[in-house]
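Notes follow once the structure below has been shown.
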Amino acid sequence: MANSIEQEIGRRRTFAIISHPDAGKTTLTEKFLLYGGAINTAGSVKGKANSKHAVSDWMEIEKERGISVTSSVLQFEYEGKCINILDTPGHEDFSEDTYRTLMAADCAVMVIDASKGVEPQTIKLFKVCVMRHIPIFTFINKMDREAKDTFDLLDDIEKVLGIETCPINWPIGCGKEFKGVYERASRNILRFEAVSTGGAKEAKETIISADDDNAADLIGEDFYDNLMEEIELLDGAAAELDMDKVHQGKLSPVFFGSALTNFGVEPFLEHFLKMTTSPLPRKSDHGEIDPMTEKDFSAFVFKIQANMNKAHRDRIAFMRICSGEFEAGMSVYHVQGGKDVRLSQPQQMMADERKIVDKAYAGDIIGVFDPGVYSIGDTLTTAKDKFEFEGIPTFAPEHFARVSLVDSMKRKQFVKGVTQIAQEGAIQMFQEYKGGMEEIIVGVVGVLQFDVLKFRLENEYNVQIRLENLPYEHIRWIENKDEVNVDTINGTSDMKKVVDMKGNPLLLFINEWSIGMTLDRNDGLVLTEFGRN
Ligand code: G4P
């Protein structure tokens with residue numbers, strides 16, 4: 001018998017996976033699919049042979065560079081649960097979309113390289129998770145390599161990220177001697193064995209209680225003694241597993257493993273599914289919209305992808321469904337546009353292909369054809385009560401460039417092009433404070449977006465531009481802009497005042513020190529890293 005809508009929603013889990021490049025995010029994702037049965041042999045999803053970014057090749061620039069400019073969503077089934085993983089692209093393709101993806105997830109899995117600890121990109125993504133108070137689960141990866149001391153790794157997470165940790169399991173050995181993990185709640189030892197090279201097939205595991213007389217034999221006397229010592233120390237020092245704190249994003253359950261050899265992947269999935277909840281309620285201007293009680297369909301747009309099919313110059317708007325059921329071709333009310341729209345060509349990403357979906361439920365992500373009407377943060381709903389979901393913040397760009405036209409006759413196309421691209425959320429556009437449209441400053445989260453801008457202006461709008469890099473690395477919104485006189489803000493000599501397209505004043509800085517100085521010099525000035533749309 002088919003599931004009811006409530007059952008379908010109840011079995012959904014939607015999470016984002018975050019890490020610094022090379023910590024093993026792709027490998028771990030692939031292993032989730034392997035254990036979920038979505039693929040038979042690891043290596044087939046984002047295998048290196050057919051390029052690890054094989055998931056999308058929608059834009060020409062991607063093909064030229066062999067990199068992915070988009071973030072993708074994968075869906076798979078595991079033990080009756082329907083799981084959506086949102087990938088957060090790193091490397092040069094790090095962009096504001098990477099941050100926005102986190103707005104569509106109900107929790108995050110943070111992958112950390114056991115030999116490196118917390119790295120810069122993880123910190124950036126982590127901050128956004130904290131802002132949203134979503135649960136953060138930590139998977140300490142690459143235990144099959146020489147790892148940092150386990151206690152030091154936990155200390156690193158607590159100190160650098162400022163979140164409490166609670167190890168759910170504990171590694172036994174590391175490097176070539178990585179034998180398995182000890183599960184604290186059950187006191188079971190899981191001894192892993194690889195059954196194929198590179199973890200193409202699921203690892204074999206032997207489970208034995210740590211209190212069993214044969215436990216020491218199974219992992220070796222020395223490892224057993226060491227484990228018992230560490231566990232005693234840990235039980236005395238580690239935080240209790242307080243699920244309220246986990247759900248508020250204040251305490252991170254920690255797991256150890258090796259995505260490459262599959263060690264610890266399945267135990268992680270099992271615990272993770274028990275500790276996470278079905279799709280969470282979302283804030284709107286009419287209170288919280290809870291998928292468990294709101295029957296009507298509602299969704300918000302968190303990403304707009306242009307030119308996925310060059311022949312049609314189409315745009316795809318990606319939305320997170322927050323309540324109810326979606327059916328292909330359904331008519332819904334677009335709140336910001338003020339009219340009904342038909343959601344056509346709905347698509348979902350499955351492993352390495354896009355497929356057309358007929359039905360989707362709260363928790364799922366779908367991409368629909370966008371004839372140029374949607375903006376980031378827009379709400380769509382069939383509810384009579386036409387609420388709007390809370391907007392998506394604007395994230396601080398870290399790279400800035402002054403844009404000028406090669407041919408000044410092309411001004412009109414140029415303004416149209418940059419405005420359109422900014423509306424899609426690929427770049428942020430600024431003007432000199434009290435200046436005009438003569439000078440445009442563009443801010444991006446990842447430098448690749450400059451190339452995307454140049455490429456798209458040339459190819460779609462027939463406009464050539466010059467980009468002059470500016471030295472600013474930090475931008476701050478003025479939280480109390482109505483209370484301060486921007487004219488009189490007295491900053492460091494290298495501070496620059498600009499305005500965004502909505503006329504909000506912002507400040508650009510070269511370094512953190514200048515931000516501190518400016519705050520010191522201007523009593524009552526409140527600056528923030530996230531802008532409100
Ligand atoms: P990312 O998506 O976070 O950027 O990382 P990715 O999974 O692509 O992994 C980066 C590199 O680390 C890959 O090696 C991958 O095989 C390796 N790796 C991932 N998980 C583990 C692990 O648990 N243990 C070990 N030892 N290595 C791991 P590469 O050299 O870039 O590619 P490859 O040619 O070896 O596949």
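Along the sequence shown, residues carry numbers from 1. Numbering of ligands and ligand atoms starts at 1, following listing order.
- Seen from the ring of F223, K179 counts as a face-on cation partner, given the 6.0 Å and 45° thresholds.
- Looking at G24 next to ligand 1, an N or O pair under 3.5 Å apart turns up.
- Compare K142, E146, K25, M143 by their heavy atoms: the one nearest to atom 17 (C) of ligand 1 is in K142.
- Each of the atoms 22 (C), 23 (O), 24 (N), 25 (C), 26 (N) of ligand 1 lies under 4.0 Å from some heavy atom of D144.
- Proximity to S19 (heavy-atom distance under 4.0 Å) selects the following atoms of ligand 1: 3 (O).
- Without hydrogens or angle criteria, N141 side chain to A259 main chain gives a donor-acceptor distance under 3.5 Å.
- The environment of NZ in K250 is sparse: at most 12 heavy-atom neighbours from other residues, nucleotides or ligands sit within 6.0 Å.
- Atoms of ligand 1 lying under 4.0 Å from at least one heavy atom of P21, given by number and element, are 4 (O).
- Aromatic ring centroids of F255 and W170 lie 6.0 Å or more apart.
- Each of the following atoms of ligand 1 lies closer than 4.0 Å to a heavy atom of D22: 1 (P), 3 (O), 4 (O), 5 (O), 10 (C), 12 (O).
- Residue G257 has no N or O atom closer than 3.5 Å to an N or O atom of ligand 1.
- For the residue pair R145 and C174, the shortest heavy atom distance occurs at O-CB, 3.9 Å.
- Residue contacts with ligand 1 for T26 involve both N, CA, C or O and side-chain atoms from C-beta outward (heavy atoms, distance under 4.0 Å).
- Between E424 and R456 there is a salt bridge, with a side-chain nitrogen of the basic residue lying less than 4.0 Å from a carboxylate oxygen of the acidic one.
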